[in-house]
Peer 1: 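What follows is a structure written as C-alpha cells; I'll ask about it next.
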Amino acid sequence: MAYEENKAGLNDGKGDAGASINFIEAIINEELKQGKNGGRVHTRFPPEPNGYLHIGHAKSILLNYGIAQKYNGKFNLRFDDTNPTREEQEYVDSILDDVKWLGADWEDRLFFASDYFDQLYLWAEEIIKNGKAYVDDQSSEEIAAQKGTPVKPGDESPYRNRSVEENLDLFRRMKAGEFKNGEKVLRAKIDMAHPNMHLRDPLMYRIIHAHHHRTGDKWCIYPMYDWAHGESDFLEGITHSICTLEFEVHRPLYNWFVDQIQTTDYRPRQIEFARLNITYTVMSKRRLLELVSEKYVQGWDDPRMPTISGLRRRGYTPEALKLFAEKVGVAKRDNVIDVALLEHSIREDLNKKAARVMAVLDPVKVIIQNFPANHIDMVTLENNPEDQDAGSREVPFTREVYIERDDFMVEPPKKFFRMAPGNEVRLKGAYIVKCVDFKLDEQTGEVVEIYCTYDPDSRSGMEGSQRKVKGTLHWVSASEAVNATIRLFDRLFKTEDPSDVAEGEDYKSNLNPDSLKVLENCKLEPGLREAKPGDKFQFQRLGYFCVDKESQADNLIFNRTVPLRDSWTKQSKS
Ligand code: ATP
Ligand code: MG
C-alpha cells in the first residue's frame with residue numbers, strides 16, 4: 001500500500017508549530033506526542049470532477065498541502081469520480097491546472113477513486129458475507145419513505161433479512177448488468193432506528209448504466225461517496241481526512257465503513273472545518289455551472305467568477321490566495337468573509353511585484369503649444385518605488401499627450417487640484433503644464449481638446465524643478481501611445497448575500513447588471529506593446545491590471561484585477 005512507502009520524515013510530536021496554530025494542527029500535535037500513525041502526516045484533496053474549482057477549494061488545497069509541508073508529510077490529489085453522469089475530462093484537466101498553479105505538489109500521488117473500484121467491490125462482497133450488507137429491491141422513493149425522522153425510527157426494508165447467498169448472488173448479477181438503473185441497490189445493514197439518520201442502512205452501490213471517463217463501460221454499479229471515501233483514504237494511508245462541516249454528521253458512517261475492512265491500528269481520521277464563504281458571490285458548483293451554462297458569464301474562467309481560473313485570469317497570484325487563506329484562518333463554525341479581504345491580499349502582493357506604468361482609460365487630448373512639434377523628449381520613470389531592484393524606464397513625452405477626461409474640469413470646485421483653466425499641474429515624471437484654453441464639441445458640450453503651455457525648466461529630476469504644484473496627473477504621448485481594450489469589473493452580485501431574495505426569486509435576481517465594462521481605444525505607454533498574457537502592472541492611479549489570455553500584440557486586452565485604494569496624487573475627489 002502507498003503509505004508503507006511513506007516512512008520518510010517522521011515527526012517527533014513537537015513539530016515546528018509556532019505560537020499560532022489552528023485547531024487541526026493542535027489535534028495533529030497531540031496525536032504526534034502520543035506517537036499515533038508512527039509520526040506520519042498524510043493529507044489529500046478529493047475534488048469531484050463535476051465543475052471547476054473555486055476559491056473555497058483553494059482554501060482546502062492550501063490547508064491540506066500546508067499541513068503536509070509543515071509536518072514533513074505527504075499530500076495526495078484524488079479525484080472522487082464515483083458518479084459517471086456528472087463528470088468530465090475537461091473538469092479533471094482544469095482541476096490539475098489549478099492545483100498545480102496554486103503550488104500544491106502531489107508528486108507522484110495522483111489518484112482516482114475509480115482506481116479502487118475493484119478493491120471496493122471485493123470489500124463489499126466481504127461485508128455481505130459478514131451479514132452487514134444486503135440488496136434492496138425497493139425504489140429510491142420507497143426507501144426514502146422508510147427513513148423516519150430524527151425523532152422517529154425508520155422502517156426496515158422487507159428485503160433486509162435476505163440470506164447471505166441470495167445477497168451475494170444478486171449483487172454479482174447487479175455487477176454483471178442484469179438489472180436496470182434503480183432496480184436494486186446495495187445497502188449497509190446498520191440500524192434503522194439509529195438517532196443519526198446517516199446510519200439507517202445507507203446505500204453503498206447504485207446501478208448506473210453510463211460510460212465512465214476512466215473505467216469506460218466496465219462498471220454499471222457505482223459506489224456511493226460515503227462508502228468510497230473513507231476506504232480510499234484508508235487505501236492511500238491518509239492520516240487526516242480534512243473536509244468541510246457538512247460532513248460532520250457523516251463521520252460515524254465514515255468510521256463504520258473503515259471498521260468493516262480495517263485490520264491494523266491504522267485508520268484515517270476525519271476532521272471537519274468551516275467552508276469558506278465570501279460576500280457578493282456564490283460558491284456552489286451547481287450555481288457556478290448554471291451561471292456558465294446559461295451564459296450569465298462568459299465561461300468558468302470569466303474574471304468575475306470566484307473560480308481559481310477566473311481569479312487567475314483576473315490577475316490574482318497564488319501568493320495572494322495564500323495570504324488570503326492565512327488571514328481567514330481555519331474556523332470550526334461557518335462564517336462569511338468580506339471580499340475586501342481578498343482584494344486587500346492581492347494589493348499587498350502586487351504592490352511589491354507589479355511594475356508601475358501609465359495608461360489613460362478615457363482619453364482627452366492635451367496640446368502643449370510651446371512644445372516643439374515632432375520632438376520626442378524621453379523622460380525617466382521609476383518602475384516600482386517598492387522594489388529597489390525594479391529599475392527605471394524611458395517614456396516618450398511629446399507635444400500632444402492624453403490625460404484622463406475626468407482629470408479636467410471647465411468649472412472646478414474648490415480644492416480641485418487637477419487640470420482646469422488657469423491651473424498648473426505636473427505631468428508625472430515630466431513637466432509642469434498650465435491650461436490656457438480648451439475646445440468644446442458644439443453639439444455635446446464635451447471637451448475635445450485642451451491647450452496648455454509648459455515650463456521647460458520644470459522637468460522632474462532636473463535642477464530648477466523644485467517648484468511644487470498640488471496635482472500630478474498620469475499621461476500618455478498621443479503619437480507614441482499603443483491602443484488597448486480594457487475591461488473593468490464590478491462585483492458579480494449586487495448584494496452581500498446573493499441567496500437573500502424575495503419569494504419567487506432566486507439568487508440570479510441579485511446579479512449585478514453592471515459587473516462588466518469594456519473600454520475600447522484606451523491609450524497605453526508604448527512599452528506595453530510587448531506585454532504578454534498573464535503580465536501584471538499597476539496602471540498608476542487606476543489599479544492593478546493583467547494582460548488577458550486572449551490578448552495579442554495588435555489587439556491588446558487588459559483586465560483590471562482591482563482598483564487602487566490610494567493614489568499618489570494629492571487630488572481631492574470632486
Ligand atoms: P460544492 O459544494 O461547491 O459543489 P463540493 O464540496 O461538492 O463543492 P468537492 O469537489 O466535493 O466539491 O470538494 C472537494 C473538497 O473541497 C472537499 O473536501 C470539500 O469539503 C472542499 N470544499 C468545497 N467547498 C469548499 C469551501 N467553500 N471552503 C473550503 N473547502 C471547500
Ligand atoms: Mg462534494
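Each ligand, and each atom within it, is numbered from 1 in the order the structure gives.
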Peer 1: Counting only heavy atoms, which portion of Arg286 has something under 4.0 Å from ligand 1: side chain, backbone, both, or neither?
Peer 2: neither
Peer 1: Taking only heavy atoms of Met283 into account, list the atoms of ligand 1 that are under 4.0 Å away from them.
Peer 2: 3 (O)
Peer 1: When only distance counts, is Arg275 in polar contact with ligand 1, meaning an N/O pair under 3.5 Å?
Peer 2: yes
Peer 1: Relative to atom 25 (C) of ligand 1, which among Pro46, Pro306, Gly56 owns the nearest non-hydrogen atom?
Peer 2: Gly56
Peer 1: Under 3.5 Å, N or O to N or O, is Lys285 touching ligand 1 that way?
Peer 2: yes
Peer 1: Could you walk me through whether Phe112 and Phe79 pass the ring-ring contact (aromatic ring centres under 6.0 Å, His included) test, one step at a time?
Peer 2: CA-CA 5 Å; Phe112 291 80; Phe79 286 95; 5.0 Å; yes
Peer 1: With atoms numbered from 1 as shown, which atoms in ligand 1 lie under 4.0 angstrom from a non-hydrogen atom of Ser284?
Peer 2: 3 (O)
Peer 1: For Phe45, take its heavy atoms, then give the atoms of ligand 1 lying under 4.0 Å from any of them.
Peer 2: 14 (C), 15 (C), 16 (O)
Peer 1: Only distances under 3.5 Å count here; give the side-chain donor-acceptor pairs of residues 295-306 to other protein atoms, sequence neighbours excluded, each with its distance to 0.1 Å.
Peer 2:
from, atom 1, to, atom 2, distance (Å)
Asp301, OD1, Arg313, NH1, 3.1
Asp301, OD2, Lys549, NZ, 2.7
Asp302, OD1, Arg304, N, 2.9
Asp302, OD1, Arg304, NE, 3.0
Asp302, OD2, Gln298, N, 2.8
Asp302, OD2, Arg304, NH2, 2.8
Arg304, NH1, Ser515, OG, 2.9

Peer 1: Which ligand 1 atoms are under 4.0 Å away from a heavy-atom of Thr244?
Peer 2: 19 (C), 20 (O), 29 (C), 30 (N), 31 (C)
Peer 1: Is it the case that ligand 1 has an N or O less than 3.5 angstrom from some N or O of Leu276?
Peer 2: yes
Peer 1: Are Phe117 and His212 an aromatic pair, judged by ring center distance below 6.0 Å?
Peer 2: yes
Peer 1: Quick one, Tyr65 with Phe75, criterion ring-ring contact (aromatic ring centres under 6.0 Å, His included). Give me CA distance, side-chain angles, the key distance, then yes/no.
Peer 2: CA-CA 6 Å; Tyr65 182 63; Phe75 166 80; 5.4 Å; yes
Peer 1: Heavy atom to atom 23 (C) of ligand 1, shortest distance: which of Glu48, His57, Glu272 holds it?
Peer 2: His57
Peer 1: Side chains of Asn559 and Thr561 only: does a donor on one sit below 3.5 Å from an acceptor on the other?
Peer 2: no
Peer 1: Flag this pair as yes if the NZ/CZ of Arg560 is under 6.0 angstrom from the six-membered ring centre of Tyr544 and inside a 45 degree cone about the axis; otherwise no.
Peer 2: no
Peer 1: Are Arg267 and Tyr254 in a cation-pi setup, meaning NZ or CZ lies under 6.0 angstrom from the ring centre and within 45 degrees of the ring axis?
Peer 2: no
